[in-house]
Number of protein chains: 2
Amino acid sequence: MTDNKINKEGRIGAANKQLILNAAEFEFAKHGFKGTRIQQVADRACLPKTNVLYYFKSKENLYLAVLQQILDEWNSVFDHATKEDDPAEVLAKYIAEKMEFSLTRPDASRIFALEIINGAPNLKGFYKENNVAWMEGRVEVVQYWIETGKIQTPNAYYLLYHIWACCQHYADFSAQITHLQGKQMGESEFEEATKAIISLVLKGCSLEIPEKYR
Amino acid sequence: MTDNKINKEGRIGAANKQLILNAAEFEFAKHGFKGTRIQQVADRACLPKTNVLYYFKSKENLYLAVLQQILDEWNSVFDHATKEDDPAEVLAKYIAEKMEFSLTRPDASRIFALEIINGAPNLKGFYKENNVAWMEGRVEVVQYWIETGKIQTPNAYYLLYHIWACCQHYADFSAQITHLQGKQMGESEFEEATKAIISLVLKGCSLEIPEKYR
DNA sequence: ATAAAACCTGACCAGATGGTCAACTAATAT
DNA sequence: ATATTAGTTGACCATCTGGTCAGGTTTTAT
């Protein structure tokens, strides 16, 4: 038999936990850590507050769980891109992915942004180390592309920042965009915007835009 | 004689108010509205908490004053650009200005970002109206440049968003950048980054980069 | 000089909120 | 069947914090 003496989580637990995590992501994205009330999360999940505390021992614990869930989703084609790959294809795909994320998971993007603006006090050791390693690997690839004349851009780091910045803007600043344009961006507008970023970045790197992204 | 019956603010008042505003900007940028304690602001300004409340009736009032101060700084060469101006010059100058702002006033940028991510609940009527009008005027100019073939870019709105996004990134996400690069960006790095954005955007719009921005 | 306004601040309070607890019910394994 | 664990929840508390107040001192105008 399996050893299920203690702390075994049943079906109900798993379901409720996910329910709470989703509610929490919404609230944290909207009000930040300090601004979010456990009661609000509970209300959104249609559970009593005490129940939320039953599954997540504390507010901080809940927040960390939300953050972890977001970080776990953070992977892309670019992770495994190599020096031999076609820069235009890889970058265009990467941008398309990032924009897809901004469209489908804006709250996740906002929570991450809030965390960074606050100085990333909760992105502890393990993630940070990993992140730096990831970045170094990616920069190395881009650097190779630059040195072999495959792309023309002044700096690998800055190029990646600019891609992130443009893509995240559509999630983080959607309130401003909605206001300036008089209406919320839908799927079709996101497609246009994606093409606009791809056009800007690839042309900005002296690359041809692959047919499918035109 | 001047009518100074009531509510006249003396020298001391003006000085202290500014002291408090600066302290508040720092704290609000770091912890957000909800996360900031009046006591923290007071400590940073080296004044007792009660004194802060004396000048600004409430926390919200203080926050609005900080926000207003930031908004008042928000003007640029691009405000008065016309259809006749040279797109390359105007855009390059605009980017340089925005980056200068990110370098010298990162806290202001962060507060604005937090405000937008939160859905801009405090950017009330007057500012919003003005902002939309400003945007329409700018889009009209860019649109003219597009239609007359002076620049090549898919969409005027998106172009402006991408410029903002790139420039703000260096203020709002500086914690991430510092961590990824292993050191804080100084003036010289900001100069490089500015040139990188100008290169990206101008090339991305099929424009020649003016000599002075190379 | 002196009155009025501006400025200062320790003591205090009321409400909000994260978190505990104990008593309960429902699920599950043997 | 029954014991054990998982899940549920209302009542409650300690603390934190925005804000008030009253009684002061300093500055300024005439």
Side-chain angles (χ1 to χ4, degrees), chain A residues 1-28 30-67 118 121-122, chain B residues 1-28 30-67 111 114 118 121-122:
Chain A
M1 72 183 98
T2 59
D3 72 333
N4 42 12
K5 281 279 175 61
I6 254 171
N7 269 343
K8 190 78 190 288
E9 173 181 288
R11 298 131 192 249
I12 299 169
N16 276 348
K17 263 188 160 177
Q18 196 54 54
L19 200 67
I20 293 166
L21 279 175
N22 292 343
E25 181 175 292
F26 183 93
E27 295 295 333
F28 282 132
K30 197 163 181 182
H31 306 111
F33 178 76
K34 273 282 187 179
T36 295
R37 304 286 99 102
I38 296 180
Q39 187 65 58
Q40 294 174 322
V41 175
D43 289 349
R44 177 160 293 273
C46 297
L47 292 170
K49 188 181 76 166
T50 335
N51 209 335
V52 173
L53 269 322
Y54 170 72
Y55 287 106
F56 302 90
K57 302 306 181 198
S58 69
K59 186 181 176 182
E60 189 179 346
N61 205 291
L62 173 58
Y63 176 75
L64 290 175
V66 170
L67 201 58
N118 269 25
N122 296 297
Chain B
M1 73 185 94
T2 59
D3 72 332
N4 42 14
K5 280 278 174 61
I6 252 171
N7 269 344
K8 190 77 188 289
E9 171 181 289
R11 296 132 194 249
I12 300 169
N16 276 347
K17 264 188 158 177
Q18 195 54 53
L19 201 67
I20 294 166
L21 279 175
N22 292 343
E25 181 175 291
F26 183 93
E27 295 295 332
F28 282 133
K30 198 163 180 181
H31 306 111
F33 179 75
K34 274 281 188 178
T36 295
R37 305 285 99 103
I38 296 181
Q39 187 66 60
Q40 294 174 324
V41 175
D43 288 349
R44 178 159 293 273
C46 297
L47 291 171
K49 189 182 77 166
T50 334
N51 209 337
V52 173
L53 269 321
Y54 170 72
Y55 286 105
F56 302 89
K57 303 305 182 196
S58 68
K59 186 181 176 182
E60 188 178 348
N61 205 291
L62 173 58
Y63 176 75
L64 291 175
V66 169
L67 201 58
I111 287 175
L114 290 173
N118 269 25
N122 296 295

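Because the structure is a prediction, the values reported are computed rather than measured. Here is the naming used below: chain letters follow the sequence lines, and residue numbers restart at 1 for every chain.
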When you check the phosphate oxygens OP1 and OP2 of D:dC16, does a side-chain N or O of B:Arg37 lie under 4.0 Å from one of them? no

Indicate whether OP1 or OP2 belonging to C:dC8 is found under 4.0 Å from a side-chain N or O atom of B:Asn16. yes

Under the side chain to side chain contact (heavy atoms under 4.5 Å, CB included) rule, what do B:Val41 and B:Leu47 come out as? Steps first, then yes or no, please. CA-CA 9 Å; B:Val41 175; B:Leu47 291 171; over 6 Å; no

Would you mind reading off the distance between [X] atom [atom1] and [N] atom [atom2], rounded to a whole angstrom?
X       : N      : atom1 : atom2 : answer
B:Gln39 : D:dG19 : CD    : P     : 14 Å
A:Tyr54 : D:dT8  : OH    : C1'   : 9 Å
B:Glu60 : D:dT17 : CD    : P     : 19 Å
B:Phe56 : D:dT20 : CZ    : C1'   : 19 Å
B:Lys34 : C:dG15 : NZ    : C1'   : 12 Å
A:Leu62 : C:dT17 : CG    : C1'   : 15 Å
B:Tyr55 : D:dG19 : OH    : P     : 18 Å
A:Leu47 : D:dA6  : CG    : P     : 19 Å

Keeping the roles fixed (side chain from B:Lys49, backbone from B:Arg37), state whether a donor-acceptor pair exists under 3.5 Å. no

Tell me whether B:Glu25 contacts the main-chain N or O of B:Asn22 through its side chain, where contact means a donor paired with an acceptor under 3.5 Å. no

Considering only heavy side-chain atoms of B:Pro48, the closest of D:dG10, C:dT9, D:dT20 is C:dT9

Side chain of B:Leu53 (C-beta onward), nearest among C:dT9, D:dG19, D:dT9: D:dG19

Identify, between B:Lys59 and A:Asn51, the residue whose nearest nucleotide on DNA chain D lies closer to the 5' end. A:Asn51

Could one point to a donor on the side chain of B:Lys49 or the base of D:dG19 with an acceptor on the other under 3.5 Å away? yes

Angle class for the B:Phe33/B:Tyr63 ring planes (parallel below 30°, perpendicular above 60°, tilted otherwise)? perpendicular

Just wondering, more than 12 heavy atoms not from B:Glu60 lying within 6.0 Å of its CD? no

